[in-house]
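Below is one structure, written out as structure tokens; comments come after it.
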Number of protein chains: 2
Amino acid sequence: MTQEKSEFLKGTLDMLILKVVALGPIHGYAISQRIQQISRDFFQVHQGSLYPALHRLEDRGWLQAEWKDTDTGREAKFYTLTRRGRKQLEAELLNWERLSDAVALILRTAE
Amino acid sequence: MTQEKSEFLKGTLDMLILKVVALGPIHGYAISQRIQQISRDFFQVHQGSLYPALHRLEDRGWLQAEWKDTDTGREAKFYTLTRRGRKQLEAELLNWERLSDAVALILRTAE
DNA sequence: GCATATAGGTAGGAGTCCTAGGCATAAAGG
DNA sequence: CCTTTATGCCTAGGACTCCTACCTATATGC
């Protein structure tokens with residue numbers, strides 16, 4: 001089955017998560033909602049993508065998790081950026097800029 | 001082993017190939033060189049990515065192949081876009097635009 | 001009492017890209 | 001003449017990411 005979904009994240013998910021977490025402590029479920037909201041529904045982060053990604057980023061030492069209560073009095077895992085996570089975010093931002101510049105170079109080539 | 005290469009194509013390879021082929025009939029090896037040149041060496045399309053991608057695009061009916069002689073008198077498989085390939089390219093261009101816009105929305109979010 | 005939203009998770013498969021190899025011929029350098 | 005390099009095509013296998021489809025549990029709304 002071919003991937004045709006327009007929401008396909010194209011490897012940007014890690015960067016998007018790091019960026020959203022950089023805005024302040026936030027739990028997983030809220031991260032996916034934030035990404036969807038801010039992107040005006042372009043991105044839809046499915047739970048099967050979200051949670052493995054969070055565990056991945058935590059394993060790599062970029063995110064730190066802590067169980068806390070939400071506003072509504074429920075338990076949730078709140079994530080914060082580590083120092084290394086902040087560095088990683090900067091690296092990914094730079095790489096994304098270069099990538100999209102490189103793509104633009106090719107797309108603008110008219111001969 | 002983690003993927004850390006900055007040349008990582010992030011799912012853009014199909015679009016880039018379609019775009020380069022849209023510029024005129026060209027063979028596989030030259031496609032990878034073109035992409036590397038135009039992107040100022042940011043993208044490096046390895047042969048293990050290139051040829052499977054070309055076969056994929058041909059299987060989907062977006063590219064058409066024909067054996068011809070190069071300038072230097074060697075045989076090579078020249079690719080051209082089919083009508084469906086042209087449509088696909090336009091769809092991918094639009095999707096790329098939307099994707100990068102959506103990413104930009106999130107990256108510019110300062111709170 | 002039951003559906004929906006919130007909040008966490010896993011398993012399995014599909015798809016893409018990479019490394020590492022193989023094959024063949026032409027040009028260039030010693 | 002012979003060996004290296006560039007050109008040109010290809011595949012196998014593994015790593016990684018993302019998706020669908022499932023599971024669990026609690027709070028809220030009807």
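These values consider heavy atoms only, across backbone and side chains, with no hydrogens, waters or symmetry-generated copies. Sequence lines set the chain letters: A, B, ... in the order given, protein chains first and strands last, and positions in each chain run from 1.
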Exercise for the section: Let me know the distance between CD of Glu58(B) and C1' of dC10(D), rounded to the nearest Å. Expected result: 13 Å
Completion exercise
Looking only at dC18(C), dT16(C), dC18(D), the nucleotide nearest the Ser49(A) side chain is dC18(D)
Exercise for the section: Look at the side-chain N and O atoms of Lys10(B) and state whether any lies under 4.0 Å from the OP1 or OP2 oxygen of dC17(C). Expected result: no
Handout entry: Asp59(A) CG - dT10(C) P separation (whole Å)
Key = 11 Å
Practice task
Identify the residue among Glu92(B), Glu90(B), Arg98(B) that makes a side-chain contact (heavy atoms from CB on, under 4.5 Å) with Leu94(B).
Solution key: Arg98(B)
Problem - side-chain N/O Tyr51(B) vs dC9(D) OP1/OP2, d < 4.0 Å - result: yes
Completion exercise
Applied to residues 73-83 of chain A, the side chain to side chain donor-acceptor pair (under 3.5 Å) test, sequence neighbours excluded, yields none
Practice task
Return the residues of residues 15-37 of chain B meeting this criterion: a heavy atom under 4.0 Å from some atom of DNA chain D. Order them by number, or give none.
Solution key: His27(B), Gly28(B), Tyr29(B), Gln33(B)
Exercise for the section: May I have all residue pairs that pass salt bridge (Lys or Arg N to Asp or Glu O under 4.0 Å) and include part of residues 23-33 of chain A, sequence neighbours excluded? Expected result: none
Handout entry: Listed partners of Lys68(B) passing side chain to side chain contact (heavy atoms under 4.5 Å, CB included), at least two apart
Key = Glu66(B), Phe78(B)
For nucleotides 28-30 of chain D, print each protein N/O atom paired with a nucleotide N/O atom at under 3.5 Å, atom names and distance only.
none

Handout entry: DNA chain D: 5'-proximal contact among Arg74(A) and Pro52(A) (nearest heavy atom)
Key = Pro52(A)
Handout entry: Whole-Å distance separating the CG atom of Leu50(B) from the P atom of dC9(D)
Key = 8 Å
Exercise for the section: Please report, rounded to the nearest Å, how far the P atom of dA26(C) is from the CG atom of Asp69(B). Expected result: 11 Å
Problem - Side-chain N or O of Arg56(A) closer than 4.0 Å to phosphate OP1/OP2 of dC18(D) - result: yes
Exercise for the section: Applying side chain to side chain contact (heavy atoms under 4.5 Å, CB included), run through Leu81(A) and Gln88(A) and close with a yes or a no. Expected result: CA-CA 10 Å; Leu81(A) 272 191; Gln88(A) 178 63 21; over 6 Å; no
Handout entry: Partners meeting side-chain hydrogen bond (donor to acceptor under 3.5 Å, both in side chains) with Gln36(A) (sequence neighbours left out)
Key = Asp41(A)
Practice task
Would you mind listing every side chain to side chain donor-acceptor pair (under 3.5 Å) that reaches into residues 12-27 of chain A, with sequence neighbours excluded?
Solution key: Asp14(A)-Arg56(A)
Practice task
Determine the contact category for Gly11(A): base if any of its heavy atoms lies under 4.0 Å from a base atom, sugar-phosphate if only primed atoms, P, OP1 or OP2 are that close, otherwise nothing.
Solution key: sugar-phosphate
Exercise for the section: Check whether any side-chain nitrogen or oxygen of His55(B) sits under 4.0 Å from OP1 or OP2 of dC10(D), and answer yes or no. Expected result: yes
Completion exercise
Residues passing the side chain to side chain contact (heavy atoms under 4.5 Å, CB included) test with Ser100(B), sequence neighbours excluded, are Trp96(A), Trp96(B)
Practice task
For Thr109(A), check side-chain hydrogen bond (donor to acceptor under 3.5 Å, both in side chains) against everything at least two apart and list the hits.
Solution key: none
Problem - dT7(D) phosphate, OP1 or OP2, under 4.0 Å from Thr70(B) side-chain N/O - result: no
Exercise for the section: Check if the side chain of Gln47(B) and the base of dC9(D) share a donor-acceptor pair of N or O atoms closer than 3.5 Å. Expected result: yes
Completion exercise
Regarding the side chain of Leu9(B), the nearest nucleotide among dT17(D), dG9(C), dC17(C) is dC17(C)
Exercise for the section: Answer yes or no: does a side-chain N or O of His46(B) lie under 4.0 Å from OP1 or OP2 of dT19(C)? Expected result: yes
